[in-house]
> 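Could you have a look at this structure, given as structure tokens, before my questions?
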Protein chains: 2
Amino acid sequence: MSKRLNISKSTISIVLNGHGDEKRVSKDTQETIIKFAEENNYRANQLARGLSRGKSDMIGLVIPNISDSFYARIARRIETKARLSGYNVIFSSTGESKERESELIESMLDRQVDGLIIASTQQNEEDILRLKKSNFPFVLIDRRYPDIETNFVGVDNVGGVAMAVEQLVKMGRKRIGFITLKPGLEAIHERLVGYQQTMKKFELEVKDGFVHELNYETFDEQMPAVFEIMLNSSNDIDGIVFATHFLTASGLREMKRRKVLVPNEVAIVSFGQMSAFDLVDPPITSIAQPVEDLGGRAVDILLENLKDGITAYKQEMLDSSIEVRKSCGA
Amino acid sequence: MSKRLNISKSTISIVLNGHGDEKRVSKDTQETIIKFAEENNYRANQLARGLSRGKSDMIGLVIPNISDSFYARIARRIETKARLSGYNVIFSSTGESKERESELIESMLDRQVDGLIIASTQQNEEDILRLKKSNFPFVLIDRRYPDIETNFVGVDNVGGVAMAVEQLVKMGRKRIGFITLKPGLEAIHERLVGYQQTMKKFELEVKDGFVHELNYETFDEQMPAVFEIMLNSSNDIDGIVFATHFLTASGLREMKRRKVLVPNEVAIVSFGQMSAFDLVDPPITSIAQPVEDLGGRAVDILLENLKDGITAYKQEMLDSSIEVRKSCGA
DNA sequence: TTGAAAGCGCTACCAT
DNA sequence: ATGGTAGCGCTTTCAA
């Protein structure tokens, strides 16, 4: 292009990057360049541009699993917002593996992403710490490291589960169980705390058989045993809060198998939504997390950091809302 | 690194790219380099590497919407498989906008992706044609351009809908309606054909009020009117096939509102799944598309093209299966 | 067996 | 107002 126009590539670069006026390139030259670029469908090589400028205009998204609707919705919002500011997003799923997470973060850094948004396995202190120490811009979402101060956007898990328990209490339930995952994630821990606090607040007993912490990989197989215990005469559960949308689905399947009447015999509330929960038999009361906002805020914070540097860490806890449907006894 | 080791960067590059033996670099030097790299946590700048090699090891994924579980599942598989071959994926959602699709494709090309996987709006002949003419490696998924020969992986829409209709026929239904989207997508057209052919095969009449083609954006609002017509005395529908999972959900909501008994009064089958369809009241019979395979085959084909060049275009139609549940009258 | 040098396509600084 | 030049960090060819 430079040759065929007899204009130096410096000038061309300036004009094409929109600094023509500012750098006092003559109107004439500017026009010539822009016209030629359009006609020849000229497009800058972003690899070269990135290498030269020391920034790639890409942000990396590291999540457990893009096919989980929770993360997919977040990804959608992140992507849309990022593009408005000229960024593309490159994503990868860790499958909840610490090793993979570590590899993926490395790989994204190799690609010179300008920033990262990470829903961590939360077993990867080293990388997070390293990112922090090197002052690399990143935002943690949904999963936080309690001992590391970083940017973070999550939901109010304690408050969300509190709403769930309260709803069951309002419906007159007293022997309320909690089906959750094995600890390891702060968010999961907080949900347990939310359950315990609220039970205490209403002076309800939490028996041994009330709380079940299942494996992330095998919860489906564990479900029958869980209900065996929850429904036995000594526990005689009349309400259950599920800590995630997929636990709800799994639990409900088991309850159908056992022909447990929901909500008459056992009322349930799900922390987290699924798209057809309103069509389920019975329609599921659920705590709706502000998923899109979560993604949106994460990008906002990241972009601020990219623009102004990392001045202070922001931590935001977004509030959930409850969608009351029949399953809770309403 | 070159300086501190007193080894030229050429040699270093050779060793770090695993060509040490092949290029007869002494064991000693190789060891020194590798050791140093590991200790100092050296990682190559992929922007520079890409610029130099003329390839980025990135593939671009352009889809309508990452938060649609159909595409999210595809994306997951693509990502996983691509990584096994050393590729990262950068994705973007078009929101079914032709303009955005065009921009996104451009943007990915600017980023020097090595190949593209596209679920097109199917209104973007120019770009697809341009890609094809420039011999750029790409694979179309789910949505094809009938007039352009390209790589393509999709599902057998005709056969899938045929299964759906047949199932209803088996259950004794005769006045079977079809709720679908406005034409524009080949896949949607094929589903209609599948419906019509199968109705004909069983010598069932297709009345005017049997087929409804809704807008992609406003199907929810149109649904009441649709059922008004379908359920009136002259049509008196006793079975419905929905052309997509979200139409099913929307239709079912309307039927619940009207207290239509499913399947007694109207039996239904969904083309396409949703995660909780087995928990819905009644459980939904659905045609399960081999979504993961679709993504997998797309990557396979793309990687072949990347490796061997584009020799011939592959078109693959994957078979669906039916998951029979109560909603069809079973 | 190793190194020097050119070049990938761009940006940005310094001259003119 | 415009151009020359030096990189950005890597790969690759050619010499030594």
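Note on naming: letters A, B, ... go to the chains in the order of the sequence lines (proteins, then strands), and numbering restarts at 1 for each one. Bear in mind the structure is a predicted one, so any value in this text is a computation, not a measurement.
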> Rounding to an integer number of Å, can you tell me how far A/Asp28 CG sits from D/dT2 C1'?
13 Å
> Under 4.0 Å between a Lys/Arg side-chain N and an Asp/Glu carboxylate O for A/Lys55 and A/Asp57?
yes
> List in chain and number order the residues that pass side-chain contact (heavy atoms from CB on, under 4.5 Å) with A/Leu303, two or more places apart in sequence or in another chain; answer none if no residue qualifies.
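By the side-chain contact (heavy atoms from CB on, under 4.5 Å) rule, A/Leu303 matches A/Ser85, A/Tyr87, A/Val299, A/Leu306.
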> Got a list of protein N/O to nucleotides 14-16 of chain D N/O distances below 3.5 Å?
none

> What pairs with B/Phe138 under ring-ring contact (aromatic ring centres under 6.0 Å, His included), at least two apart in sequence or on another chain?
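Partners of B/Phe138 under the ring-ring contact (aromatic ring centres under 6.0 Å, His included) test: none.
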> Nearest-Å distance, CD1 (A/Ile7) to C1' (D/dG4)?
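The distance from CD1 of A/Ile7 to C1' of D/dG4 comes to 15 Å, rounded to the nearest Å.
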> side-chain contact (heavy atoms from CB on, under 4.5 Å) with A/Glu126: which residues, sequence neighbours excluded?
A/Lys98, A/Asn124
> C/dT2 P sits how many Å from B/Glu22 CD, rounded?
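Atom-to-atom, B/Glu22 to C/dT2, this comes out as 15 Å.
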> Among all residues two or more places apart in sequence or in another chain, which pass the salt bridge (Lys or Arg N to Asp or Glu O under 4.0 Å) test with A/Lys35?
A/Glu39
> Not counting sequence neighbours, which residues clear side chain to side chain donor-acceptor pair (under 3.5 Å) with B/Glu316? List them please.
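Side chain to side chain donor-acceptor pair (under 3.5 Å) check on B/Glu316 returns B/Arg297.
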> With sequence neighbours excluded, tell me which residues meet salt bridge (Lys or Arg N to Asp or Glu O under 4.0 Å) with B/Glu304.
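B/Lys314.
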> With the sugar-phosphate defined as primed atoms, P, OP1 and OP2, and the base as all remaining atoms, what B/S/- string results for nucleotides 6-16 of chain C, 5' to 3', for protein heavy atoms under 4.0 Å?
-BBBBBB----
> Within the pair B/Thr29 and C/dT1, is there a side-chain N or O less than 4.0 Å away from OP1 or OP2?
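The answer is no; no side-chain N or O of B/Thr29 sits under 4.0 Å from OP1 or OP2.
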> Under the salt bridge (charged side-chain N to carboxylate O under 4.0 Å, His left out) rule, what pairs show up with a residue in residues 100-109 of chain B, not counting sequence neighbours?
A/Arg43-B/Glu106, B/Glu106-B/Arg130
> Go through the structure and list residues passing side-chain contact (heavy atoms from CB on, under 4.5 Å) with A/Tyr216, not counting sequence neighbours.
A/Glu96, A/Leu181, A/Phe246
> Show me the pairs that pass side chain to side chain donor-acceptor pair (under 3.5 Å) and involve residues 61-71 of chain B, at least two apart or across chains.
A/Arg76-B/Asn65, B/Asn65-B/Ser67, B/Asp68-B/His245, B/Tyr71-B/Asp142, B/Tyr71-B/Arg143
> Per the end-axis method with five pairs at each terminus, what is the bend angle of the helix from C/dT1-D/dA16 to C/dT16-D/dA1, to 10°?
50°
